[in-house]
Amino acid sequence: MINTEGYHKPVLLTESIDGLSIKKDGIYVDVTFGGGGHSREILNQLGENGRLYAFDQDADAANNVIDDERFTLINQNFRYIKRFLKFYGVKKVDGILGDFGVSSHQFDVPERGFSTRFDGVLDMRMNQNATISAQNILNEYSESELVILFSKYGELKNAKAIAKAIVTARVEQRIITGNQLQQILKPFLQKFKENKTLAQIYQAIRIEVNEEIQVLEEFLLQLPDIVKTGGRISLISYHSLEDRLVKRFIRDGQFEGSPEKDFYGNVAVPFKKVGGLIVPTESEIAENSRARSAKLRIAERQ
């Protein structure tokens with residue numbers, strides 16, 4: 001039985017699925033299952049011989065498992081995609097979809113600690129069995145580690161001052177809830193920019209808790225070995241750090257330095273982009289404000 005309560009219609013649903021150019025008998029992977037919205041649409045376009053594997057490390061995603069013999073849910077982080085596809089006897093696939101944002105369900109459950117709207121316990125673990133939570137980072141990281149975190153992942157210019165305030169406050173009392181953290185951050189929340197600044201700080205902590213940048217890099221580097229020639233990747237990012245990695249990988253096949261060249265000096269990269277950057281329409285943003293920052297990039301295996 002499909003239970004999508006707490007999950008919204010996926011962002012850029014039509015565009016991301018169209019980008020896969022689905023073959024009826026193909027093998028596809030949805031690496032961010034969540035409420036199952038993308039997966040159900042992929043299954044709608046597959047024939048009886050098609051196959052879909054989905055990944056999600058969040059135990060709550062299992063509540064939305066799809067009762068379809070063509071579908072397999074793998075309760076693991078997609079950084080292990082190659083290993084677990086091999087376990088299921090799959091060496092190559094026809095397409096991979098990734099929607100890297102935090103799910104609506106995760107944002108809307110106070111006790112998960114992802115949202116600035118609730119006074120929940122600061123957790124932010126996508127994998128609830130992980131050992132490091134937001135509390136560990138806020139209470140145990142050194143001031144210099146917090147400075148790096150807020151400047152790198154939150155892109156905050158006043159990272160030093162924010163880190164110092166947190167370290168000073170935690171001497172008096174361990175930081176456990178969202179309200180505690182927001183009280184500490186009050187001096188740094190400019191009028192009319194409060195929500196944006198809080199979002200940047202929460203984002204930085206969340207990225208660190210879930211190793212999101214490392215996970216994305218590991219995932220992308222496995223794609224050339226997994227995707228068949230002519231197969232597609234359709235990837236949705238929600239902040240500049242992720243989108244930069246996806247864009248650079250598609251363009252150069254790596255994240256730093258110059259792309260590899262063949263014997264004749266031609267750039268040799270595993271994927272070629274399909275079309276340009278795709279962003280939500282104004283009407284989609286009006287229906288779902290979380291769509292505002294979404295960026296979709298599509299590429300084909302050469």
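- No donor-acceptor pair under 3.5 Å is formed between the side chain of Asp25 and the backbone N or O of Gly50.
- Between the side chain of Gln254 and the main chain of Ser258, a donor-acceptor pair closer than 3.5 Å is present.
- Considering only heavy atoms from C-beta on, Arg290 stays 4.5 Å or farther from Val11 through its side chain.
- Side chains of Leu13 and Glu41 form a contact here, defined as non-hydrogen atoms less than 4.5 Å apart.
- The pair Lys295-Glu242 does not meet the salt-bridge criterion, since no charged nitrogen lies less than 4.0 angstrom from a carboxylate oxygen.
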- Message: Run the side-chain hydrogen bond (donor to acceptor under 3.5 Å, both in side chains) test on Gln302 and Thr229 for me, step by step, so that the C-alpha distance in whole Å, both residues' side-chain angles and the decisive distance to 0.1 Å come before the verdict.
- Response: CA-CA 5 Å; Gln302 299 192 86; Thr229 301; over 6 Å; no
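- A cation-pi arrangement, defined by a distance under 6.0 Å to the six-membered ring centre and an angle within 45 degrees of its axis, is present between Arg51 and Tyr53.
- Tyr238 and Val279 fall into different hydrophobic clusters, where Ile, Leu, Val, Met, Phe, Trp and Tyr side chains are chained together by heavy-atom contacts under 4.5 Å.
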- Chi angles and distances behind the side-chain hydrogen bond (donor to acceptor under 3.5 Å, both in side chains) call for Glu208, Tyr141: CA-CA 11 Å; Glu208 181 73 6; Tyr141 272 33; 2.6 Å; yes
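- Annotation: the span from His239 atom NE2 to Ser293 atom OG amounts to 9.0 Å, rounded to 0.5 Å.
- The two residues Gln128 and Asp58 make their nearest non-hydrogen contact at OE1-OD1, 3.0 Å.
- Within the 4.5 Å cutoff, no side-chain heavy atoms of Tyr28 are placed close to those of Ser234.
- From Ile81, atom CD1 reaches atom CG of Leu220 across 10.0 Å, with rounding to the nearest 0.5 Å.
- The distance from the CD1 atom of Ile201 to the CD atom of Gln182 is 9.0 Å, given to the nearest 0.5 Å.
- Residues Val215 and Ile250 share a hydrophobic cluster, clusters being chains of Ile/Leu/Val/Met/Phe/Trp/Tyr side chains in contact below 4.5 Å.
- A salt bridge does not link Glu284 with Arg292: every distance from a Lys NZ or Arg NE/NH1/NH2 to an Asp or Glu carboxylate oxygen is 4.0 Å or more.
- Atoms CD and NZ, from Glu287 and Lys9 in turn, are 6.5 Å apart once rounded to the nearest 0.5 Å.
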- Message: With side-chain contact (heavy atoms from CB on, under 4.5 Å) as the criterion, how do Phe33 and Phe71 come out once you've worked through the C-alpha distance, each side chain's angles and the decisive distance to 0.1 Å?
- Response: CA-CA 11 Å; Phe33 178 67; Phe71 175 78; 3.5 Å; yes
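- Between Ala61 and Leu73, the shortest heavy-atom contact is O-CD2, 4.2 Å.
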- Step by step, would you call Gln135 with Asn139 a side-chain hydrogen bond (donor to acceptor under 3.5 Å, both in side chains)? CA-CA 6 Å; Gln135 280 187 57; Asn139 292 288; 4.9 Å; no
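- In this structure, Ile74 and Phe87 have side chains that are not in contact, with every pair of non-hydrogen atoms separated by 4.5 Å or more.
- Relative orientation of the Phe271 and Phe249 rings is tilted, given thresholds of 30° and 60° on the angle between their planes.
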- Query: Going through the distances and angles, do Leu198 and Phe188 end up as a side-chain contact (heavy atoms from CB on, under 4.5 Å)?
  - Reply: CA-CA 9 Å; Leu198 278 175; Phe188 309 101; over 6 Å; no
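- Side-chain contact between Leu85 and Lys91 is absent, with no heavy-atom pair separated by less than 4.5 Å.
- Among all heavy-atom pairs drawn from Gln183 and Pro187, the shortest one is O-CD, 4.2 Å.
- Without hydrogens or angle criteria, Asn210 side chain to Met126 main chain gives a donor-acceptor distance under 3.5 Å.
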- Message: Working note: Leu146 + Val167, criterion side-chain contact (heavy atoms from CB on, under 4.5 Å); need CA distance, chi angles, decisive distance, verdict.
- Response: CA-CA 9 Å; Leu146 289 173; Val167 170; 3.9 Å; yes
- From CA spacing to verdict: side-chain contact (heavy atoms from CB on, under 4.5 Å), Leu181, Ile205: CA-CA 12 Å; Leu181 178 59; Ile205 299 168; 4.1 Å; yes
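- Side-chain N or O atoms of Glu300 include none that pairs as donor or acceptor with a backbone N or O of Lys273 at under 3.5 Å.
- Side-chain atoms of Thr197 never come within 3.5 Å of backbone atoms of Glu194 as a donor-acceptor pair (strictly under, hydrogens ignored).
- At least one side-chain heavy atom of Leu52 sits less than 4.5 Å from a side-chain heavy atom of Ser39.
- Closest non-hydrogen pair, Glu140 versus Arg170, comes out as N-NH1, 3.8 Å.
- A salt bridge does not link Glu256 to Arg244: none of the charged nitrogens lies less than 4.0 Å from a carboxylate oxygen.
- Side-chain atoms of Lys92 come within 3.5 Å of backbone N or O of Asp225 as a donor-acceptor pair.
- Using a 4.5 Å cut-off on side-chain heavy atoms (C-beta onward), Asn266 and Lys261 make no contact.
- Between the side chain of Arg206 and the backbone N or O of Met124 there is no donor-acceptor pair closer than 3.5 Å.
- Listed here is the closest heavy atom pair of Ala169 and Ile184: CB-CD1, 3.5 Å.
- In this structure a side-chain-to-backbone donor-acceptor pair under 3.5 Å is missing from Asn288 to Ile285.
- A salt bridge links Asp243 to Arg297: one of the charged nitrogens lies within less than 4.0 Å of a carboxylate oxygen.
- Annotation: side chain of Phe55 is not in contact with side chain of Thr72 (no heavy-atom distance under 4.5 Å).
- Of all heavy-atom pairs spanning Phe78 and Val31, the tightest one is CD2-O, 3.3 Å.
- Salt-bridge check for Arg70 with Glu48: failed, with every basic side-chain N at 4.0 Å or more from each acidic carboxylate O.
- Of the candidates Ile17, Ile236, Asp99, Leu12 forms a side-chain contact (heavy atoms from CB on, under 4.5 Å) with just one, namely Ile236.
- Between Leu245 atom CG and Phe100 atom CZ the span is 10.0 Å, to the nearest 0.5 Å.
- A distance of 9.0 Å separates CG in Leu46 from CG in Asp68, rounded to the nearest 0.5 Å.
- Within the 3.5 Å criterion, the main-chain N or O of Ala299 finds no donor-acceptor partner in the side chain of Arg232.
- At distances below 3.5 Å, at least one donor-acceptor pair connects side-chain atoms of Gln180 with backbone N or O atoms of Thr177.
- Listed by chain and number, the residues in a salt bridge (Lys or Arg N to Asp or Glu O under 4.0 Å) with Glu217 amount to none (sequence neighbours excluded).
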